[in-house]
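First up is the structure itself, then whatever we jot down about it.
Values reported hereafter were calculated over all heavy atoms of this structure, with side chains retained and with hydrogens, waters and symmetry mates removed. Proteins get letters first, then strands, A, B, ... in listed order; numbering begins at 1 in each.
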Amino acid sequence: MRASKLFFPTLREIPGEAELISHRLLLRAGYIRRLTSGVYTYLPLMWRVLRKIEQIVREEMDAAGAQEILMPVVQPGDLWQKSGRWEDYGKELLRFEDRRGFPSVLGPTHEEVIAALAAGEIHSYRQLPMNLYQTATKFRDEIRPRFGLLRGREFIMKDAYSLDADEAGLDASYQQMADAYHRVFARMEIPVRMVESDTGLMGGNVAHEFTLLVETDAGENTVLYCDRCDYAANLEVAHSREQDSPPPPSPEAPHAIKQVATPDMRTIEEVSDFLAVPRERLVKTLLYRAGDRVVAALVRGDHELNETKLKKAAGGAVEMADAETVQRVTGAPVGFAGPVGLAGANQDVRPTIVADNAVRGMANFVTGANAADAHLTGVNPHRDFQVDVWADIRDTQPGETCPQCDGKLLAASGIELGNIFKLGTKYSEGLGARFTDAEGNERPIVMGSYGIGITRTAQAAIEKFHDDNGMIWPLPIAPFQVLVLIMNAADETQRRVAEDLYARLQERGVETLLDDRDERAGAKFKDADLIGVPIQVVVGRLAPRGKVEVRRRGQPERHEESADAAIERVTALIKGADGGSG
RNA sequence: CGGGGCGUAGCGCAGUUUGGUCAGCGCGCAUGUUUUGGGAACAUGAGGCCGCGAGUUCGAAUCUCGCCGCCCCGACCA
């Protein structure tokens, strides 16, 4: 490809709409343009990258025995009513009516469609297992699109669905996909971690995310990972040895309970400082609504409540109680809630008390007094209040011990590039996807679902691999492998050497971009660095001596050598990348 | 949805407080000359319903009201 014919509108100035470095570079380097909020056009360079990523994913999915299909963008609403997600998915599910008034949706994912397909076509255990996948554009009407392609409304995703006869089959399919995912990211040279995660809206019970850990603020997930072994978990579900083996009751002799004035002291910090009591000797009481019930969640003062865990302990969705509810339940304004006497405060709203396991090992602690401007000291569980549910409901903290080995847990923020879910039978039951097993019994198909964000992966790679001058693509997913720069397009000798080099690289199957534009050298170098093609071959003042210069984008070394040697070097670099991890 | 901000040439912005002298700057674009290894210099030129709609006024980019779009923070989520 010749740069003179390639549409890649680079920008010298930073577009105002972008915050994240990867988003800015995508715009500046002419890879994408925004059409409307969260919706982008992929320009030629971007499309080449996306196709490379897609192809690697395709090859690994095929190798894992999955079959490629393509499913509709528009889905009938009744499919979603049957799975229950018509209600559960919320406003992210873009709904509309067709001309006849039938409710329809723009597909944000395809579990329903697969289950419906299976319901019609899979009838016997002899047809199982099966794994179907597609790479397609999805639409989720995000509350707040941001970070360019990292959280767009429209995006390209590979989604695969396994269909199995039983749980053991699902386990095998799941493992196959996990293995395939490791190969996919290794081939792309993107260092992801496989992270335990919550199943969220998808249903099911086991899920992992493939997450790229980043130093920038692009990460939307917090990941806790072991510094020694391969344990890694999303903060939502992470746990430590400290949490797994809760402390025994404190041996401390109980003090008398005492009410103390704490005027206007509402936060843990304020109360702790005011009473000169360390934070870990306080217990905070957070009130949540769970349907028409109220849940009081108790965690140690220096711990953070984990809503995902609370949801499980409380047996249903929870949301933070509003100020009125707090007032009604505790009889006090926000900031003074406590477990003591909560039951008696107002019998009709007696909350369920869910306490974190760590509270079990505490004695003589401080809590809110359920009265304005007052706290209690010398509070003890059992003697002063009853706990309905003991559970792990707090965030794991960095520095705690790995649950699998003796390592320490570290925290990092991460970008989720892929996920795998054991779905079970939620969708097959809802949509009637049943088969007859060897014994003649009718059973629901056991499903798994496996996604890789194609567009998201592309941007995440930039977030991970760039410098002040621009992108630095890993070779396997770069839009071009080599960029040949003609320093002075008016110079006959340079032209001849570069054209020759270009032709010979093309012959060898090297994906080459020739910058033959009538631009100044400086502008070409800037654009070259910006678009991030990983190997640069500069044809300039050494051309009369038959020499060119080979550089690796992002590395300072420059190899001045003959065109023949350059071609050898380039070929070797590309081979090395192919063989290294593929 | 709550909070904050923005909308003026393809891009980045000034001008709005105090209505008139206001259609401006830089980059980019076009043409010419000189240049040619890290976003060249000079000259000439094109390019605007100042987001849209009402209103106030002799007069609106500027004041008022409504609407639309976009960005940031939060709740939500992959």
Side-chain angles (χ1 to χ4, degrees), chain A residues 9-20 23-24 27-30 33-39 88-93 108-109 138-159 195 197-202 207-212 217-221 234 236 307-308 317-320 322 414-421 449-457 459-460 468-470 485-491 494 515 517-530 536 538-543 547-549 551 558 560:
Chain A
T10 57
L11 266 25
R12 186 191 293 217
E13 290 179 78
I14 298 166
E17 74 186 63
E19 198 80 350
L20 225 56
H23 186 194
R24 288 181 175 185
L27 292 164
R28 276 196 63 207
R33 285 295 182 264
R34 188 180 57 77
L35 179 62
T36 182
S37 181
V39 177
D88 294 346
Y89 217 92
K91 288 192 175 166
E92 271 174 51
L93 182 61
T109 175
K138 313 271 188 192
F139 191 92
R140 293 183 191 169
D141 202 359
E142 277 295 330
I143 272 173
R144 183 152 91 85
R146 62 185 124 170
F147 301 153
L149 271 24
L150 287 186
R151 196 190 241 359
R153 294 194 297 164
E154 194 174 286
F155 56 97
I156 300 174
M157 183 174 167
K158 184 286 301 178
D159 47 326
V195 171
S197 65
D198 187 40
T199 50
L201 258 185
M202 299 295 283
H208 288 85
E209 293 166 351
F210 286 75
T211 298
L212 175 67
D217 54 3
E220 302 190 273
N221 294 320
N234 191 306
E236 292 177 336
E307 286 193 15
T308 304
V318 293
E319 68 177 319
M320 186 79 93
D322 54 34
I415 304 172
E416 178 186 346
L417 303 183
N419 51 38
I420 54 180
F421 293 93
S449 118
Y450 316 91
I452 290 179
I454 304 292
T455 40
R456 175 178 264 217
T457 295
Q459 185 174 336
D468 291 345
N469 296 316
L485 292 128
I486 310 177
M487 287 296 86
N488 182 356
D491 183 306
Q494 291 186 21
D515 193 348
R517 295 174 302 164
D518 183 19
E519 289 285 346
R520 299 175 58 81
K524 290 190 176 189
F525 279 130
K526 290 292 183 190
D527 277 348
D529 288 349
L530 197 55
Q536 300 177 350
V538 182
V539 181
R541 56 183 166 221
L542 304 172
K547 291 196 165 185
V548 300
E549 187 180 304
R551 318 165 165 192
R558 303 177 177 195
E560 295 182 354

Hey, what do you get for CZ (A:Arg28) to NZ (A:Lys526), rounding to the nearest 0.5 Å? 8.5 Å
Pick the nucleotide of RNA chain B nearest each of A:Met487 and A:Arg456; which residue has the one closer to the 5' end? A:Met487
Are A:Asn221 and A:Glu236 linked by a side-chain donor-acceptor pair shorter than 3.5 Å? no
Distance in angstrom units between A:Ile143 CD1 and B:G3 P, rounded: 16 Å
Identity of whatever pairs with B:C25 - Watson-Crick or G-U, under 3.5 angstrom: B:G12
Give a yes or no on whether the backbone of A:Val195 and the side-chain of A:Glu209 come within a donor-acceptor separation of less than 3.5 Å. no
For A:Glu220, report the nucleic acid contact type (base, sugar-phosphate, nothing); a contact means any heavy atom under 4.0 Å. nothing
Pair of N/O donor and acceptor under 3.5 Å linking B:G38 base with A:Asp529 side chain: yes
Using a cut-off of 4.0 Å on non-hydrogen atoms, how would the nucleic acid contact of A:Gly152 be classed: base, sugar-phosphate, or nothing? base
Any sub-3.5 Å donor-acceptor pair from A:Glu154's side-chain atoms to A:Phe139's backbone N or O? no
P spacing across the pair B:C6 / B:G12, given as an integer number of angstrom: 16 Å
Which part of the nucleic acid, if any, lies within contact of A:Asp527, taking any heavy atom under 4.0 Å across all strands shown: a base, the sugar-phosphate backbone alone, or nothing? base
Hey, does A:Leu530 reach any base, or is it just sugar-phosphate, or nothing, if we go heavy atoms under 4.0 Å? base
Listed nucleotide nearest any side-chain atom of A:Lys526, set B:G37, B:G39, B:C76: B:G39
Work out how far the P atom of B:G7 is from that of B:A61, and round it to whole angstrom. 16 Å
Using Watson-Crick or G-U wobble geometry with both distances below 3.5 Å, tell me the partner of B:C70, or none. B:G5
Is A:Arg34 salt-bridged to A:Glu17, going by a charged N under 4.0 Å from an acidic O? yes
Nucleotide-resolved protein contact map, nucleotides 68-73 of chain B, B/S/- at heavy-atom distance under 4.0 Å: --SSBB
Mate of B:G39 across any strand shown (Watson-Crick or G-U wobble, both atom pairs under 3.5 Å) is none
With the side chain of A:Phe525 defined as its heavy atoms from C-beta on, choose the nearest nucleotide among B:G38, B:G39, B:G74. B:G38
My understanding is that a pair needs two contacts under 3.5 Å, Watson-Crick or G-U wobble. By that rule, which nucleotide pairs with B:U64? B:A54
Taking the C1' atom in each of B:C50 and B:A23, what is the distance between them to the nearest angstrom? 8 Å
Span that lies between the C1' atom of B:G28 and that of B:U16, in whole angstrom: 27 Å
Checking side-chain polar atoms at under 3.5 Å, does A:Thr308 have a donor or acceptor matched by the opposite partner on A:Asp198? no
Decide yes or no, distance alone: a donor-acceptor N/O pair under 3.5 angstrom between the base of B:G39 and the side-chain of A:Arg28. yes
At 4.0 Å (heavy atoms only), tell me whether A:Arg558 reaches a base, stays on the sugar-phosphate, or touches nothing. base
How would you label the contact of A:Ile14 with the nucleic acid (heavy atoms, under 4.0 Å): base, sugar-phosphate, or nothing? sugar-phosphate
Taking atom C1' in both B:U56 and B:A14, compute the distance separating them and give it to the nearest angstrom. 27 Å
Counterpart base for B:A46, defined by Watson-Crick or G-U wobble contacts under 3.5 Å: none
A:Pro15 backbone acceptor or donor facing A:Arg24 side chain under 3.5 Å: no
Keeping the roles fixed (side chain from A:Arg140, backbone from A:Thr109), state whether a donor-acceptor pair exists under 3.5 Å. no
Here's a test of your reading of the structure: between A:Leu150 and A:Lys524, which maps to the more 5' nucleotide of RNA chain B? A:Lys524
Within the sub-3.5 Å range, which N or O atoms of nucleotides 28-34 of chain B have a protein N or O partner, and how far apart are they?
| residue | atom | partner | partner atom | Å |
| --- | --- | --- | --- | --- |
| B:G28 | OP1 | A:Arg12 | NH2 | 3.0 |

For A:Asp141, does its backbone N or O pair with a side-chain atom of A:Lys91 as donor and acceptor, under 3.5 Å? no
Donor-acceptor check, side chain of A:Arg551 to backbone of A:Arg558, threshold 3.5 angstrom: yes or no? no
Salt bridge A:Glu142-A:Arg144, side-chain N to carboxylate O under 4.0 Å: no
In whole angstrom, give the distance that lies between atom CD of A:Glu92 and atom C1' of B:A75. 12 Å
C1'-based separation of B:A30 from B:C72 [nearest Å]: 38 Å
If you only use heavy atoms from C-beta on, which nucleotide in B:G26, B:C1, B:G39 is closest to the side chain of A:Glu13? B:G26
Heavy-atom side-chain proximity of A:Leu20 to A:Gln459 below 4.5 angstrom: yes
Starting from C1' on B:U35, measure out to CG on A:Asn488 and report it in whole angstrom. 10 Å
Think A:Arg520 has a side-chain N or O under 4.0 angstrom from the OP1 or OP2 of B:A40? yes
